[in-house]
Each structure stands twice: as C-alpha cells, then as structure tokens.
Amino acid sequence: MGRMKKPSVIIIGAGVGGVATAARLAKAGLKVTVFEKNNYTGGRCSLISSDDGYRFDQGPSLLLLPQIFHETFRELGTSLEAEGVTLVKCDPNYKMHFHDKTSFTLSTDLSIMKAEIERIEGKDGFERYLSFLQEAHRHYELSVTHVLRKNFPSVLSMLRWGFVKHLFSLHPFESLYARASIYFSTERLRRVFTFASMYMGMSPYDAPGTYSLLQYTELVEGIWYPIGGFHRIVEALVNIGERLDVTYRLNTPVSRILLSPDGERATGVLLAGSNETFTADIVICNADLTYAYTNLLPSTSYSRSLAKRAASCSSLSYYWALDRQIPELSAHNIFLAEQYKESFDDIFKKHRIPAELSFYVNVPSRVDPSAAPPGRDALVVLVPIGNLTSGPQDWPAVSAETRDAVLHTIEDRLRISIKPHILHETMNTPPTWKETFNLDRGAILGLSHSFFNVLGFRPKTSHPDLDGLWFVGASTHPGTGVPIVLAGARIVSREVLGRWRKRVPWEMGVKGVGEAEGIKMAQVGEAIAISVAVIAVFVAFYWWFTGTDIGGWEWLFWGSR
C-alpha cells in the first residue's frame, strides 16, 4: 500500500498567528503552505532597519506573558534558547511622566514600588497595592486557564461550569478604571495602573476589569525584550516551520478564498495579479478578520456588520534615528495627558487625534545596543489616535503637527531637546497601517475587546457556514496581542487536527477536559441557569440602552455568522 496523503493546509498571512499555526500543524504531519502579501514575515510584528545601523520594532516592543512564549516553543519540541532567542528583562518596567514634570517608576521590585506608592498615597497605599495585585493575579490565572486555553465557538459555549462559576470573579461588567479606583485613592495612581488598557486598544473607562491581568504580568513576571528585536520570535517560528517542511511564499498576496461549487466549503485561494489558484483541504486565514470577510469572501449581512463593530484605536508611529543617546529616557516611557479621560474619549468615542496627547516612547537601544550605532539611540514613538471611522484627514499635516506636539511635550517635561538630533525618520499613519497590513479602519489591534466583543461574542475561529475555513489572529478568539494570538494558534491547531482525528503532539498524556474538570450534571444544570440569566440580562441591557447592532439574535446559539 502507498503512503496516505498528508492533509494539506493553506495559511493566508505570515503574521505571528500564521507562522505559529504553520509550525504546529507541520509538526503534527500536515502539509502547510503560507502565502504572505509583503516581502517579510511577521506582519505588524516586523522590523524597520536602516542602512546606517538603526533598527526599530514596527509594532510590539515589549514581551509580556513570557510563559506562553516558552510553552509555544516547548510544545514544538524546542526552546527559545535553542532557537537562538535571548530574552532580557527590562528594569525598570516604565517611567511614567506627568504634566507637572513629576514621574513615577513601575518595577517588579517591591521595594521600589513601596517607596513610589507611599510617596503618593502614604503608608496605607502599599497595602492597597498588594490587594490590587491579588485581584489582578486572580484575573490572570482564571483567564489563562479558562479563556486562553479554551475555545468559545458560540455564546452558549460560555455556559461551561468551569468558566461560569468564575464569571463574576473576573469583573467583566466593571471597567478597569472602576476596579483600580477601589484600591487607589489618588487620581495619579488610578492612571498609572490603568493605562495598559491601550495594549488592547481600549479606554480604561470601557475596558473590562479583567484586564488588570496585564498589570499583573508586568509587575510580577516583568517586561522582557528579545535581543535583535521582536521579530526574532517570528523568525524562530519560521525557522522551525521550514525544518518541518512548511513552504513560505512571500510577495504573494491572495485576492480571494476559493469555494466549492455548492458554496459550502473553502477549497483554496486565488492569487492576486497572476490569477493562479492553489487548492488545499483546509484554509486558515491570518489576515485581518474584518478585511478577510469583506474582501476575500462573498459579501453577506454578517460581513457588512463587522465593519460596524467597535474597533481598536489606530496610531501615529514615528521611528527616529538619533545622533546621540538620550539617557533621560529609559527603555519604556509613558507620557500621560493631564486631561486623561478626555483624551481617551477623543480616541475611542470621537475617533480623532486627542486635543492633549498621551504617548509611549520606546528606546530599544537602551536594552539592546545592536538597535543603534555605538553612542546613539533608536527611538519609537507611538501616539494612540482614533481609527479611520472619522473619515479622511490631511495626514501629512496632521502627522507634522502631532510630531511637534510630542517633541514639545518631551522637551517640556524632561528639559531635553530631541529634534536637532533626529537624523532621519520613518512613520506609520492610519492609512499606512491599513494599506500595508490590510487592517480594517487602520485599527492596529483589530476589533475592540469590550464585553460584547470577546469570548462567545467574538468572531469564531472557524467559519460558521463554510466548512474547512478557520481564522487566527487579533480579531478572532481569544484576542489581540502577541501572546494572546499565540494562544489562539494553539486553539486553532487543535481544532484543525481534530477534524482528521489526528493526535495533538503537545497533548500526549494529558487528561481529557471533562475528566480534568470533573464536570457533574448538577453543576452543568446550575451553570446553564445562571449563565442564561446573566447573558440575557446583559445582552438586553446593552441592546436597549446603546441601540448597538450586534448582528441578529441567531449568534446567541450558533456563534458569529
């Protein structure tokens, strides 16, 4: 007898989710081909390099939830170290700079945090900080166990007892800012411990309280950076995939996902320009999900409704090569607007550039000298702004005005002048984010992470109507951010392998979910009753008071369509 033919998989997009999924499926014995529109891998997680020795991370510039990275490589039969990836810890985490020229240092060192907090909130402040960390720890552990490792193919999947019994412990119905306000008495520290909601592309006044888990991983596990730039993670995953016979085709954009004659199954892709077609048993889309539904698939009411869903923010990002070092800046710096809430309202409610800017400055050369020539610095400035919902802008003028505001703020608060030392600049605007990476509305973090845009409410990892089509990336479950997308790649890979009843290499010897959780019928009944009541109340409340179109009631039972 001849060898059984390997199941074939096409992956659209070589972002983090695409390359991680490719490596996992190839390890399980599938034949994988990845098509990428750009001439480099990584998508937003890529590098900008110059001929004179400067290197910038185009997107992510700090590594959180390190155990997910270690787990990914371990389950691929290797390790970060074995793949030549060296992680260094950034200490301190951040330096926060306020409008009155004062600052606050965030660190994993409790002695530093104690002094910093008591300086602002007195002796009782540190005890409240420890209570905040305790709650954030609970959010972190529950989220990793019950969200990042499980799929939520429909709202009914939220009825699992293992999840629903912890629902209120996750504080999803209170904002991150509201939860922080319980523990911190000063406005200053409430801001310090809520700004990280921007990692999810959300305002802290709207982000669910669950996301204090971000502060937890920063303050307990620390912030890390891969020597050589964040793309080293992607590069290592690509190398693993190539050793497992994954085929990467760069500079090869896909114009359409091909369907079977009856329109019920994904069968392959049509390449842009050449009109070549490639067929496969499975198609996995790592392109921006809203873009894919709108441009790569036939138009439906659901695909049109996706464009109306709340999306994350966009950014004006500047990449500056300096002719000197700026020791006043640490590796990670946050400059917060005095009008804190108003600035978030400008971004997320009015979809515009805030009247007063909050922004992030990364100096990769502070922890990785290879990012700039000796005695010089590379600077990345990320200014969160509204996405393209608000319509066209004169972006050259807007970018120049914003650059001047950033430079003035840094000069005013730190008493340093950067502008004369900028040798050259690269820039990303909402239109360039949209054009380069096919990001719907130029939203750099995909769809929003409000309560009705996560878990069973978020677009599914598998297409509900088309057989053989899956999605991985920021806008599907479990959500945005490199470690979260890596967790999503694990979930999708397991689903695809389950289609052929193929063994999941990284789960060999692991007990079944039902056995591990010890689910009892009485618990299931109680979970269903509680969950249906909770979901019904909050869906009705949300729909009645906001009038938001959430795509029809059928997704309550069958998931996003």
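Between R44 and D288 there is no salt bridge, since no side-chain N of the basic residue sits under 4.0 Å from a carboxylate O of the acidic one.
Note that the CG atom of L388 and the NE2 atom of H351 stand 11.0 Å from one another [nearest 0.5 Å]. Taking OG1 from T78 and CD from E83, the interatomic distance works out to 3.5 Å, rounded to the nearest 0.5 Å. Atom CD of Q67 is separated from atom CZ of R74 by 9.5 Å, given to the nearest 0.5 angstrom. Taking CG of D465 as the start and CZ of R265 as the end, the distance is 15.5 Å to the nearest 0.5 Å. Distance CG/D57 to CG/L47: 5.5 Å, rounded to 0.5 Å. Taken to the nearest 0.5 Å, the OG atom of S315 stands 4.0 Å off from the CD1 atom of I444.
A distance-only check finds a donor-acceptor pair linking the side chain of Y318 to the backbone of S399 [under 3.5 Å]. At distances below 3.5 Å, at least one donor-acceptor pair connects side-chain atoms of T217 with backbone N or O atoms of L65. Remark: side-chain polar atoms of D368 are paired, donor with acceptor, to backbone N or O of G228 under 3.5 angstrom. Side-chain atoms of K460 never come within 3.5 Å of backbone atoms of W470 as a donor-acceptor pair (strictly under, hydrogens ignored). Of the possible polar contacts, one joining the T480 side chain to the L445 backbone as a donor-acceptor pair under 3.5 Å is found. At distances below 3.5 Å, at least one donor-acceptor pair connects side-chain atoms of N286 with backbone N or O atoms of V472. With hydrogens and angles ignored, the 3.5 Å screen pairs a side-chain donor or acceptor of T145 with a backbone N or O of E141. No donor-acceptor pair closer than 3.5 Å links the side chain of S493 to the backbone N or O of R490. One N or O on the side chain of S46 and one on the backbone of G43 form a donor-acceptor pair closer than 3.5 Å. Using a distance-only test at 3.5 Å, with no hydrogens or angles considered, a donor-acceptor pair links the side chain of N387 to the main chain of S312.
Within the 4.5 Å cutoff, side-chain heavy atoms of I257 are placed close to those of I12. Taking 4.5 Å as the limit, some side-chain heavy atom of I11 sits within range of a side-chain heavy atom of V32. T290 has its side chain within reach of L447: a pair of non-hydrogen atoms, C-beta onward, lies under 4.5 Å apart. Proximity of L316 to P384: side-chain heavy atoms (C-beta onward) are nowhere separated by under 4.5 Å. Looking at heavy atoms from C-beta onward, W395 lies out of side-chain contact with M427 at the 4.5 angstrom threshold. Contact of the I227 side chain with the V88 side chain is registered, since non-hydrogen atoms from C-beta on lie closer than 4.5 Å. With contacts defined as side-chain heavy-atom distances shorter than 4.5 Å, the pair S317/W433 qualifies. V254 is listed as a side-chain neighbour of L271, based on a closest heavy-atom distance under 4.5 Å.
With 3.5 Å as the limit, one finds no donor-acceptor pair spanning the side chains of S448 and R309. Side-chain contact annotation: T461 with E495, donor-acceptor N/O pair under 3.5 Å present. Looking at R249 and T33, their side chains never bring a donor and an acceptor atom within 3.5 Å of each other. Side-chain contact, T41 with H231: a donor N or O sits under 3.5 Å from an acceptor N or O.
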Quick one: do S314 and R441 satisfy side chain to side chain donor-acceptor pair (under 3.5 Å)? Show the steps, please. CA-CA 8 Å; S314 189; R441 289 168 278 181; over 6 Å; no

Passes side-chain contact (heavy atoms from CB on, under 4.5 Å), L466 versus V283? Steps please. CA-CA 10 Å; L466 296 175; V283 176; over 6 Å; no

Check the pair T476 / R458 against side-chain contact (heavy atoms from CB on, under 4.5 Å), numbers first and verdict last. CA-CA 6 Å; T476 189; R458 202 162 185 81; 5.7 Å; no

Before you tell me yes or no, could you show the steps for L250 and N38 under side-chain contact (heavy atoms from CB on, under 4.5 Å), namely the whole-Å CA-CA distance, both residues' side-chain angles and the distance that decides it to 0.1 Å? CA-CA 6 Å; L250 306 183; N38 292 311; over 6 Å; no

Yes or no on side-chain contact (heavy atoms from CB on, under 4.5 Å) for R243 and L76, after CA distance, side-chain angles and deciding distance? CA-CA 11 Å; R243 294 201 300 267; L76 288 170; over 6 Å; no

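Screening L296, V269, N295, L270 for a side chain to side chain contact (heavy atoms under 4.5 Å, CB included) involving S255 leaves a single residue, L270.
Annotation for Y225 and P364: closest pair OH-CB, 3.8 Å, computed over non-hydrogen atoms. Between C313 and I347, the shortest heavy-atom contact is CB-CG2, 3.7 Å. Here the shortest heavy-atom pairing between F56 and A321 reads CZ-N, 3.9 Å. The two atoms that bring Q58 and Y319 nearest to each other are O-OH, 2.8 Å, heavy atoms only. Between L214 and M200, the shortest heavy-atom contact is CD1-CG, 3.9 Å. Between F278 and I10, the shortest heavy-atom contact is O-CD1, 3.5 Å.
More than 12 heavy atoms of other residues, nucleotides or ligands sit less than 6.0 Å from atom CG of D262. The number of heavy atoms from other shown groups lying within 6.0 Å of NZ (K434) does not exceed 12. By the 6.0 Å contact criterion, CD on E425 is enclosed, its count of non-hydrogen atoms from other residues, nucleotides or ligands being greater than 12.
Between F69 and F230, the ring planes lie perpendicular to each other; the angle is over 60°, past the 30° to 60° tilted range.
Y140 pairs by the ring-ring contact (aromatic ring centres under 6.0 Å, His included) definition with Y216, not counting sequence neighbours.
Residue pairs meeting the side-chain hydrogen bond (donor to acceptor under 3.5 Å, both in side chains) criterion with at least one member in residues 7-30, sequence neighbours excluded, are S8-D281, R24-E75.
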